[in-house]
Structure formats: structure tokens, C-alpha cells
Amino acid sequence: MKRYIVIFMLCAYCAALWAQDGLAINALFDGRFKQSPTATEILVDGGKARAIGLDIYRSLTVTDMAQGKAIEQNVTHDGARAKSKEVEYRGGRLYYGFYELGLVRPVKTEKQARYRYVFYLNQSLANKTPQNRVTLIYMESKHGPEKIKQLIKK
Amino acid sequence: MKHNTTLTEQQLNQLIERYFNGDTTVDDEALLRRELAIDRWHTDVADEARFVLGYFSMAKPQVATRRASWARRLAAAACIGVLLAAGIVMLNARRGQCVAWVGGQPIDDQEQVMNLIASDLGNMGDASDELQQSMLNQLTITN
């Protein structure tokens, strides 16, 4: 009996690791910015996220540009493995990015599929009214990228 | 449950004494074993005789029943507690979270949080539109 309990716990731990899947941006949501006076972090999941067509919505906005640079590095790291992307660089720096990162985890049916997306924006590189502000948005949803992009349309 | 015994306590003690003195017949010993197997007799003399005769597992029934009863109640309470906790966790997971931390301050007002989200998505939309326009402009120029 004890053996089965240990095996079950090991499987559960491995499943949890698989779900995180080694995204660099995950480290940014480890709680370090919750007490930061220069950051805004948002978390919406469950029923409230489903109301806007998502399973998870997480965002991080910083006004400290050193922190912004770290976010940019994490985003470009994960973006290098993106299934598809729309990006714009200005002066060698990432200005805007939309990345489709693929499945959250392998599934057997299309109905079970959940996809990951990242939005990134560095408003200090904006042409109109630039401001020191970098925003990262991470989403999980059953919807495809076209539906996700509708969320940002007014 | 009615215990089927033919001896009084005094008679049982006399029988035990004769057994220890070696004065019992085979029938007497069989009677003694039957009497001691009944869980009615819980005197020191009877317990000693049981020990000698090998009735090691004969414990006082009231205490054993009480302990088993408490153990079952504790186990049942623990199971109910675990089920309740699991139910609460599942209910919260289904309901979900909607929370923001702004400048170190937590905000759980749903409307405020959704307004923040709308603002961020709006900024993304503006940037995306700019990108689309830049692409169209470049395509137009090349044509």
C-alpha cells in the first residue's frame, strides 16, 4: 500500500512539472513582483477567465526598465520556440510580440487541447506618447490564435 | 448477546484451583476451556488461567469495543474532513481567481481587475494595429 502511495505521489509531481513545461516566463510569476512598487501583476483563472474565453490570464507590467529588460529576455527566449509569432523590433529592441507557444500539455483529443499565448509590449519604444512601461501577458485557452487576437481588438 | 455458562464464579474459581493442583479430569478441563472461552469471566484468576491455557487474545471486550469504536469514529471524521477540504478546493478552483497586485497592494475588486486587463489588451491592440499598418505600408511601397 505504501509503495502505491509513493508511486502515485511521484506521478503527481511529474505531472505538475510537465504542466509548467520549462517556460522562462514562468519564473517571472513566482511572486517576486507582488510586493514591487513598480509592478502590476494580474491573475485570473477558473470561471472568471472562462468568461473572456480563457483558462488562465496572467500579466506583468513594470515601469522599471531594468526589470523590463529581464522580461524581454525571457520572452525572446520562449519566443524562439514559438509555433508562430508576430513581432516588431525597434532600434534592436523588441517593441511588440504575439507568440503562439503551442499546447499546454499533450492531449488525446482536440477537445482537450489547451494552447498557450504570450503578448509583449514595450511602450518606451512607442512612436506616440512613449512611456517607461513593459507589459507581458500570458494566456491559456482552448481557442486558436485568431480568436485570441480578437481579445485585443476594440 | 446471552453467554451460555453453567458455572458460577465460585465454581469457576474452584475448577481453576483444581486445574492448577492437577486434580481435574479430561472432562473437567474441557469444561474449564469452554468456560474461559466465554468472554463473561474477567477476574484475575480467570485471566491467569486463560494465559496458562493459551487464550492470549482474550481481551476485555468492553475496552476493545470502546477502542475500536473511537478509532472508527476518528477515521470517519478524518475521511469526512478530507472530502470536505477537497470539495472546497474544487469549488474554489471552479470559481477561479481574479486578483491584481498594483504597486505591492492587492486588489480583489473584480471590476477593477477587469479594467486593468482591458487597458492592457487595448495597448496590445494598438501595437498590433500599428504592426499591421506597417506591413501594409511596406507591401504597398514594394508594389
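In what follows, every chain begins at residue 1, and chains take the letters A, B, ... in the order their sequences are listed. Every heavy atom of this structure was used, including side-chain atoms; hydrogens, water molecules and symmetry mates were not.
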*Considering only heavy atoms and a distance below 4.5 Å, find which of A:Glu41, A:Arg133, A:Glu86 pairs most often with chain B.*
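It is A:Glu41.
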
*asked:* At a heavy-atom distance under 4.5 Å, which candidate from A:Tyr57, A:Tyr95, A:Tyr120 has the highest pair count against chain B?
replied: A:Tyr57

Contact origin within [X] toward chain B - heavy atom pairs under 4.5 Å:
| X | result |
| --- | --- |
| A:Ile52 | side chain |
| A:Ala39 | backbone |
| A:Tyr96 | side chain |
| A:Thr61 | side chain |
| A:Arg90 | side chain |

*asked:* Determine whether A:Ile137 and B:Leu121 satisfy the following criterion, side-chain contact (heavy atoms from CB on, under 4.5 Å), listing intermediate values before the conclusion.
replied: CA-CA 9 Å; A:Ile137 301 175; B:Leu121 293 178; 4.0 Å; yes

*Around atom CD of A:Gln131, are there more than 12 heavy atoms of other residues, nucleotides or ligands at under 6.0 Å?*
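It does: A:Gln131 CD has more than 12 such atoms within range.
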
_More than 12 heavy atoms of other groups within 6.0 Å of A:Lys142 NZ_ = no

*Run the numbers on B:Ile117 and A:Val44 for side-chain contact (heavy atoms from CB on, under 4.5 Å), then give the verdict.*
CA-CA 10 Å; B:Ile117 291 175; A:Val44 180; 3.6 Å; yes

*asked:* Quick test of your reading of the model: are A:Lys128 and B:Asp126 salt-bridged, counting only N-O distances below 4.0 Å?
replied: no

*Which residues share a side-chain contact (heavy atoms from CB on, under 4.5 Å) with A:Thr109, sequence neighbours left out*: A:Lys111, A:Gln112

*Tell me, please, which residues at least two apart from B:Asn21 pass side-chain contact (heavy atoms from CB on, under 4.5 Å).*
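If we apply the side-chain contact (heavy atoms from CB on, under 4.5 Å) test to B:Asn21, skipping adjacent residues, the hits are B:Glu17, B:Asp23.
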
Using atom types as modelled, flag every donor-acceptor pair under 3.5 Å from a side chain in residues 29-38 of chain A to any protein atom, sequence neighbours excluded.
from, atom 1, to, atom 2, distance (Å)
A:Asp30, OD1, A:Arg32, N, 3.1
A:Asp30, OD1, A:Arg32, NE, 3.0
A:Asp30, OD2, A:Arg32, NE, 3.3
A:Asp30, OD2, A:Arg32, NH2, 3.0
A:Arg32, NH2, A:Ala27, O, 3.0
A:Ser36, OG, A:Thr38, N, 3.2
A:Ser36, OG, A:Thr38, OG1, 3.1
A:Thr38, OG1, A:Gln67, OE1, 3.2

Same apolar cluster (I L V M F W Y, side chains within < 4.5 Å links), [X]/[Y]:
| X | Y | value |
| --- | --- | --- |
| A:Ile56 | A:Leu103 | no |
| B:Leu116 | A:Leu121 | yes |
| A:Leu136 | B:Val99 | no |
| A:Leu43 | A:Ile71 | no |

*Within-4.5 Å side-chain heavy-atom neighbours: A:Ile42 and B:Asp120*: yes

*asked:* Quick check on the structure: residues of residues 106-115 of chain B within a heavy-atom distance below 4.5 Å of chain A, by number.
replied: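 Only B:Gln110, B:Val113, B:Met114 of residues 106-115 of chain B have a heavy atom under 4.5 Å from chain A.
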
_A:Lys153 to B:Ser128 - nearest heavy-atom pair and separation_ =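 Closest approach of A:Lys153 to B:Ser128: NZ-OG, 3.5 Å.
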
_Treating A:Asp45 as the side-chain partner and B:Gly96 as the backbone partner, does any N or O pair qualify as donor plus acceptor under 3.5 Å?_
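Checking the backbone N and O of B:Gly96 against the side chain of A:Asp45, no donor-acceptor pair under 3.5 Å is found.
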
